[in-house]
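Everything below concerns the one structure shown next.
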Amino acid sequence: MTDASALPGQPRGGVLSGPATERAVNVLAPNPSVMTLDGTNTWIVAEPDSDLAVVIDPGPLDDGHLRNVVDTAEKAGKRIALTLLTHGHPDHAEGAARFAELTATRVRALDPALRLGDEGLAAGDVITVGGLELRVVPTPGHTADSLSFHLPADRAVLTGDTVLGRGTTVVAHPDGRLGDYLDSLRRLRSLTVDDGVHTVLPGHGPVLEDAQGAVEFYLAHRAHRLAQVETAVENGHRTPAEVVAHVYADVDRSLWPAAELSVRAQLDYLSEHGLI
């Protein structure tokens with residue numbers, strides 16, 4: 001068995017659901033798959049001495065899960081006052097409207113189509129609820145509407161699908177763009193260097209104890225894959241499917257459709273930069 005401390009980002013072992021930091025509690029959604037890993041992480045975030053909480057990514061439209069999130073907050077003596085979305089993929093956002101009904105909360109998101117209420121989210125916004133402070137960090141690339149939330153008091157960042165607790169994420173072409181994604185990873189790295197962030201609270205998988213190590217691994221991985229794709233094209237593999245079969249030959253074939261999205265994004269990036 002590999003020691004978790006030797007893995008990229010130092011993933012935390014043990015049960016995923018439950019307290020992760022002083023202010024963040026995870027309620028794992030029952031939707032495991034090859035794409036969602038153990039399931040979607042729904043985060044309840046609150047100041048320890050406050051009776052108000054924020055929920056980030058209610059998850060899929062699963063009434064049992066949504067009620068479990070509410071019950072978990074209430075058992076801790078907290079009322080959910082606001083719902084936030086990292087992005088609009090169904091495994092994170094499909095349950096948001098129903099969750100808003102259960103909690104009588106607004107839903108704030110970057111994409112206006114996902115909002116319930118007048119307020120959206122934008123770069124630089126600071127959200128304060130019951131003394132809690134969350135800072136909105138734009139992290140497009142996985143999708144155009146992807147956001148992360150910086151939780152300064154815990155020196156943590158909630159990353160949605162931009163950084164996962166295990167493996168790497170998909171650049172969901174055509175909505176996701178590789179150039180944007182690389183910029184987002186650099187933005188997250190600056191949080192680890194300049195703002196002291198050391199913990200990643202991801203949208204899927206375990207908590208990462210080494211945020212800087214995780215982000216640097218992602219940047220290195222992307223550079224390596226990009227070089228592989230460029231070489232594959234130079235060797236005559238022209239279509240995305242051909243490139244996937246060549247570059248991702250050692251990857252489970254069930255993941256090839258997702259890999260093809262990332263390859264399309266990489267091909268676009270190489271073309272835009274005059275490299276192919």
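Residues: numbered from 1 along the sequence shown. Bear in mind the structure is a predicted one, so any value in this text is a computation, not a measurement.
- Side chain of Ser50 to backbone of Ala46: no donor-acceptor contact under 3.5 angstrom is found.
- When atom types are taken as modelled, the side chain of Asn26 and the backbone of Trp43 share no donor-acceptor pair closer than 3.5 angstrom.
- For the ring-ring contact (aromatic ring centres under 6.0 Å, His included) condition, the pairs that include at least one residue of residues 70-118, sequence neighbours left out, are His87-His89, His87-His92, His87-His142, His89-His142, His92-His204.
- Screening residues 224-253 for salt bridge (charged side-chain N to carboxylate O under 4.0 Å, His left out) gives no qualifying pairs among residues at least two apart or on separate chains.
- Legend: residues meeting salt bridge (Lys or Arg N to Asp or Glu O under 4.0 Å) with Glu101, ordered by chain and number and at least two apart, are Arg98.
- A donor atom on one side chain and an acceptor atom on the other are found under 3.5 Å apart for Thr143 and Ser146.
- Contacts classified as ring-ring contact (aromatic ring centres under 6.0 Å, His included) and involving residues 143-182 (residues at least two apart or in different chains) are not found.
- The minimum heavy-atom distance between Arg222 and Leu182, with the atom names listed, is CB-CD2, 3.8 Å.
- Taking each heavy atom of Val107 and Ala100 in turn, the nearest pair found is CG2-CB, 3.9 Å.
- Side chains of Thr231 and Gln228 form no contact here, defined as non-hydrogen atoms less than 4.5 Å apart.
- Ser148 places none of its side-chain heavy atoms less than 4.5 Å from the side chain of Arg135.
- A donor-acceptor pair shorter than 3.5 Å can be found between the side chains of Asp57 and Thr86.
- In this structure, Ile127 CD1 and Ile56 CD1 are separated by 7.5 Å, a value rounded to the nearest 0.5 Å.
- Grouping the Ile, Leu, Val, Met, Phe, Trp and Tyr side chains by contacts below 4.5 angstrom, directly or via other members, places Val170 with Leu164.
- Applying the salt bridge (Lys or Arg N to Asp or Glu O under 4.0 Å) criterion to Glu216, with sequence neighbours excluded, gives no partner residue.
- Counting heavy atoms from C-beta outward, Pro32 and Leu37 have side chains that stay 4.5 Å or more apart.
- Residue pairs satisfying the salt bridge (charged side-chain N to carboxylate O under 4.0 Å, His left out) criterion with at least one member in residues 152-168, sequence neighbours excluded, are listed as follows: Arg23-Asp154, Asp38-Arg166.
- Under the 4.5 Å side-chain criterion, counting only non-hydrogen atoms from C-beta, Thr169 is in contact with Tyr218.
- Between Arg67 and Val69, the closest side-chain pair of non-hydrogen atoms is not below 4.5 Å.
- For Glu209, the salt bridge (Lys or Arg N to Asp or Glu O under 4.0 Å) criterion is met by Arg12, not counting sequence neighbours.
- Taking Glu94 as the reference, nothing meets the salt bridge (Lys or Arg N to Asp or Glu O under 4.0 Å) condition, with sequence neighbours excluded.
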Stepwise side chain to side chain contact (heavy atoms under 4.5 Å, CB included) test for Ile276 and Leu267: CA-CA 8 Å; Ile276 59 172; Leu267 291 172; 4.0 Å; yes

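- Leu255 has its side chain within reach of Val34: a pair of non-hydrogen atoms, C-beta onward, lies under 4.5 Å apart.
- For Asn31 and Asp91, the side-chain atoms include no donor-acceptor pair closer than 3.5 Å.
- No salt bridge links Asp268 with Arg264; every basic N to acidic carboxylate O contact stays at or beyond 4.0 Å.
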Please determine whether side chain to side chain contact (heavy atoms under 4.5 Å, CB included) holds for the pair Val70 and Leu66, giving the CA-CA distance in whole Å, both sets of side-chain angles, and the decisive distance to 0.1 Å. CA-CA 7 Å; Val70 176; Leu66 300 177; 6.0 Å; no

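- The shortest distance between side-chain heavy atoms of Val247 and Val263 does not fall below 4.5 Å.
- Note that OG of Ser254 is 9.5 Å distant from CE of Met35, once rounded to the nearest 0.5 Å.
- From Asp183, atom CG reaches atom OG1 of Thr139 across 11.5 Å, with rounding to the nearest 0.5 Å.
- Between atom CG of residue Leu185 and atom OG1 of residue Thr162 there is a gap of 7.5 Å, rounded to the nearest 0.5 Å.
- Taking the side chain as every heavy atom from C-beta outward, Leu84 and Val55 never approach each other to under 4.5 Å.
- Contact record, Ser262 with Val171: OG-N, 3.0 Å, taken as the closest heavy-atom pair.
- Taking both residues in full, the closest heavy atoms of Ala249 and Trp256 are given as CA-CZ2, 4.1 Å, listed atom of the first, atom of the second, then distance.
- No path of Ile, Leu, Val, Met, Phe, Trp and Tyr side chains, each step under 4.5 Å between heavy atoms, connects Val137 with Val45, placing them in separate hydrophobic clusters.
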List the steps and the verdict of side chain to side chain contact (heavy atoms under 4.5 Å, CB included) for Leu52 and Ile80. CA-CA 6 Å; Leu52 299 178; Ile80 296 164; over 6 Å; no

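- Counting only residues at least two apart or on different chains, the salt bridge (charged side-chain N to carboxylate O under 4.0 Å, His left out) pairs with a member in residues 170-181 are Arg177-Glu272.
- A continuous path of Ile, Leu, Val, Met, Phe, Trp and Tyr side chains, each step under 4.5 Å between heavy atoms, connects Tyr269 with Leu219, placing both in one hydrophobic cluster.
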Name the atoms and distances for all side-chain donor-acceptor pairs under 3.5 Å in residues 189-202, with sequence neighbours left out.
unit_1	atom_1	unit_2	atom_2	d
Ser190	OG	Arg187	O	2.6
Thr192	OG1	Arg189	O	2.6

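- Qualifying ring-ring contact (aromatic ring centres under 6.0 Å, His included) partners for His221, counting only residues two or more places apart in sequence or in other chains: none.
- Nearest heavy-atom pair across Leu85 and Leu121 is O-CD1, 4.2 Å.
- A continuous path of Ile, Leu, Val, Met, Phe, Trp and Tyr side chains, each step under 4.5 Å between heavy atoms, connects Leu226 with Val215, placing both in one hydrophobic cluster.
- Under a hydrophobic clustering in which Ile, Leu, Val, Met, Phe, Trp and Tyr are joined whenever their side-chain heavy atoms come within less than 4.5 Å, directly or via other members, Leu158 and Val136 fall into the same cluster.
- Pairing each heavy atom of Leu116 with each of Ala97, the nearest pair is CD1-CA, 3.7 Å.
- Residues in residues 108-129 take part in these side chain to side chain donor-acceptor pair (under 3.5 Å) pairs, two or more places apart or across chains: Arg106-Glu119.
- One distance of note links OG1 of Thr105 with CG of Leu82; it measures 7.0 Å at 0.5 Å rounding.
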Full working for side chain to side chain contact (heavy atoms under 4.5 Å, CB included) between Lys78 and Asp51: CA-CA 4 Å; Lys78 301 185 186 298; Asp51 62 353; 5.5 Å; no

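- Note that the CG atom of Leu151 and the OG1 atom of Thr21 stand 5.5 Å from one another [nearest 0.5 Å].
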